[in-house]
Amino acid sequence: MPEYTPADNEYMARALRLARRGLYTAHPNPRVGCVLVRNDTIIGEGWHRKTGTAHAEVNALEGVSGDASGATAYVTLEPCSHHGKTPPCCTALIEAGVTEVVVAMIDPHPKVSGNGIAALEQAGIKVRSGLMSADAAKLNEGFCSRVNRARPFVRLKVAASLDGCTAMANGESKWITGEEARADVQRLRASSGAVMVGIGTVLADDPSLTVRDGKIENDDLQPLRVVIDSQLRMPPTARMLELPGDTVIFCQDDTARTALERAGAKVRVIGGSGEKVDLAVVLEELAGLRINDLLVEAGPTLAGSLLMAGLVDELVIYQAPHIMGSETRGMFATPDWQELQQKLALKVIDVRQVGVDSRITLVVHQTYLVGPPGPVT
């Protein structure tokens with residue numbers, strides 16, 4: 001295991017902060033930052049802003065006044081070694097005369113994994129890897145999930161009262177949480193490649209599912225809207241079909257697809273059990289569409305189905321400090337559990353105040369961060 005100095009940690013932490021600047025814009029590519037250091041001085045830095053544009057290493061090199069010969073590059077993800085929409089980053093570093101590269105994590109993508117480091121070492125460049133790898137993996141958990149498991153990282157968002165209610169018995173739910181919590185959800189949407197709801201939510205609320213935050217809103221980067229609608233009850237007049245961005249509907253019965261496609265929706269027929277769409281297959285389809293992070297904003301039926309199928313990676317609960325009573329709707333529709341041992345165990349990883357509400361983040365499982373690369377589209 002390589003040894004790292006306090007300075008190494010400082011520069012990699014800076015590279016990670018730069019990578020976070022691509023949180024809302026880099027997907028479906030990973031979020032990557034790069035810092036170039038020579039004689040204990042930062043001479044260049046950059047991050048990957050948007051797919052199809054220059055990667056972090058190239059942006060950092062372009063920011064150097066003069067040349068980068070003899071510099072050390074701190075990169076949050078292994079430099080790419082193949083021609084994609086842009087030339088290989090390892091080639092750019094080699095040609096710039098960089099003498100050392102410190103990498104946070106190995107790129108899990110099979111086209112890159114280990115090959116970038118090998119190319120650098122073959123060129124005589126010293127490479128150290130593993131510094132702050134967990135932080136780098138967390139920043140790109142969706143990309144890691146798509147590569148390693150061939151499905152997106154699934155984040156399930158729920159807004160509920162203190163007694164676990166998500167709506168009144170008549171369906172009224174606006175608004176359970178305060179403005180600050182709702183603004184926080186906008187940031188979750190903006191960092192996601194897709195937002196999923198069930199048809200029940202569409203029929204009850206007619207949601208837009210767009211990012212509506214002036215600081216991060218970008219019509220070119222609206223998340224894909226995903227609707228689970230087994231029997232294709234989606235009305236062609238649904239508000240989301242009139243807004244910027246794309247909507248895809250997953251169904252079993254496509255009788256009404258023509259009208260929906262005329263309204264701008266994309267309809268995909270998926271197999272399933274009984275009258276339910278196979279949600280695991282839906283996630284595979286979304287991975288094929290290069291979706292890294294999926295935000296689910298569903299009612300209790302879809303939320304419960306995803307949980308029971310083991311398809312939720314992270315649960316984010318916005319809990320409002322009020323009680324809504326017993327004649328209300330809960331967070332999840334689950335089987336009729338009769339014994340306490342049937343409970344679904346979760347792990348709380350973060351609790352913080354968001355305005356008047358609390359945001360509780362829980363992990364369901366984290367196996368996506370390890371293991372050999374899987375299929376990639």
Side-chain angles (χ1 to χ4, degrees), residues 1-19 21-22 26 29-137 139-140 143-144 147-148 372-373 376:
M1 184 71 178
E3 293 185 3
Y4 298 105
T5 66
D8 288 330
N9 283 272
E10 177 185 346
Y11 296 134
M12 187 60 79
R14 173 61 183 167
L16 285 164
R17 288 195 296 273
L18 289 167
R21 296 187 183 182
N29 284 357
R31 298 134 182 166
V32 184
C34 176
V35 173
L36 296 171
V37 179
R38 185 171 56 204
N39 299 326
D40 295 324
T41 300
I42 295 177
I43 62 171
E45 59 184 27
W47 69 96
H48 181 49
R49 293 176 172 84
K50 186 178 179 181
T51 182
T53 65
H55 289 186
E57 298 91 330
V58 173
N59 284 328
L61 289 168
E62 289 180 349
V64 176
S65 177
D67 64 72
S69 59
T72 296
Y74 293 84
V75 190
T76 60
L77 186 70
E78 177 183 9
C80 63
S81 54
H82 67 291
H83 282 270
K85 292 183 178 180
T86 58
C89 292
C90 61
T91 301
L93 292 172
I94 293 168
E95 292 177 348
V98 168
T99 56
E100 183 177 8
V101 177
V102 182
V103 176
M105 69 172 286
I106 307 301
D107 192 328
H109 198 295
K111 288 184 178 180
V112 181
S113 188
N115 295 326
I117 288 177
L120 293 169
E121 291 179 332
Q122 287 171 8
I125 296 175
K126 179 182 178 181
V127 180
R128 290 180 289 160
S129 62
L131 177 60
M132 299 186 180
S133 59
D135 298 292
L139 182 60
N140 285 305
F143 179 73
C144 292
V147 172
N148 288 335
V376 175

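Keep in mind that what you see is a predicted model, and the values were worked out from it rather than measured.
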* Residues forming a salt bridge (charged side-chain N to carboxylate O under 4.0 Å, His left out) with Arg38, sequence neighbours excluded ->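 Applying salt bridge (charged side-chain N to carboxylate O under 4.0 Å, His left out) to Arg38 gives Asp67.
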
Contact between [X] and [Y] at the side-chain level, heavy atoms closer than 4.5 Å - yes or no?
X      : Y      : result
Ile106 : Ser133 : no
Leu120 : Pro79  : yes
Lys126 : Thr99  : no
Val103 : Leu77  : no
Val102 : Met12  : yes
Thr53  : Thr51  : no

List the atom of [X], the atom of [Y], and the distance in Å for their closest heavy-atom pair.
X      : Y      : result
Asn59  : Ala54  : ND2-O, 3.3 Å
Ser81  : Cys90  : CA-SG, 3.6 Å
Pro110 : Asn115 : O-ND2, 3.9 Å
Pro108 : Asn148 : CB-OD1, 3.8 Å
Cys34  : Val75  : SG-CG2, 3.9 Å
Ile117 : Ser129 : CD1-CB, 4.3 Å

Could you tell me whether the side chain of [X] and the main chain of [Y] form a donor-acceptor pair under 3.5 Å?
X      : Y      : result
Thr72  : Val101 : no
His55  : Glu57  : no
Glu78  : Gly116 : yes
Arg128 : Glu3   : yes
Asn140 : Arg31  : yes
Ser113 : Asp107 : yes

* To do: Decide side-chain contact (heavy atoms from CB on, under 4.5 Å) for Leu16 and Arg14; before the verdict, give the C-alpha distance in whole Å, the side-chain angles of both, and the deciding distance to 0.1 Å.
  => CA-CA 5 Å; Leu16 285 164; Arg14 173 61 183 167; over 6 Å; no

* Any chance you could measure Leu93, atom CG, to Leu61, atom CG, to the nearest 0.5 Å? =>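 Spacing of CG (Leu93) from CG (Leu61) equals 5.5 Å.
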
* Asked: Can you check side-chain contact (heavy atoms from CB on, under 4.5 Å) on Cys80 and Lys111, steps first, answer last?
  -> CA-CA 8 Å; Cys80 63; Lys111 288 184 178 180; over 6 Å; no

* **Leu36/Ile42 under side-chain contact (heavy atoms from CB on, under 4.5 Å): CA gap, chis, key distance, verdict** => CA-CA 6 Å; Leu36 296 171; Ile42 295 177; over 6 Å; no

* Asn29 and His48: side-chain contact (heavy atoms from CB on, under 4.5 Å), yes or no, with the steps? -> CA-CA 9 Å; Asn29 284 357; His48 181 49; 3.0 Å; yes

* To do: Output all residues satisfying ring pair (Phe, Tyr, Trp, His ring centres under 6.0 Å) with Tyr11, sequence neighbours left out; order by chain, then residue number.
  =>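 Applying ring pair (Phe, Tyr, Trp, His ring centres under 6.0 Å) to Tyr11 gives Tyr74.
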
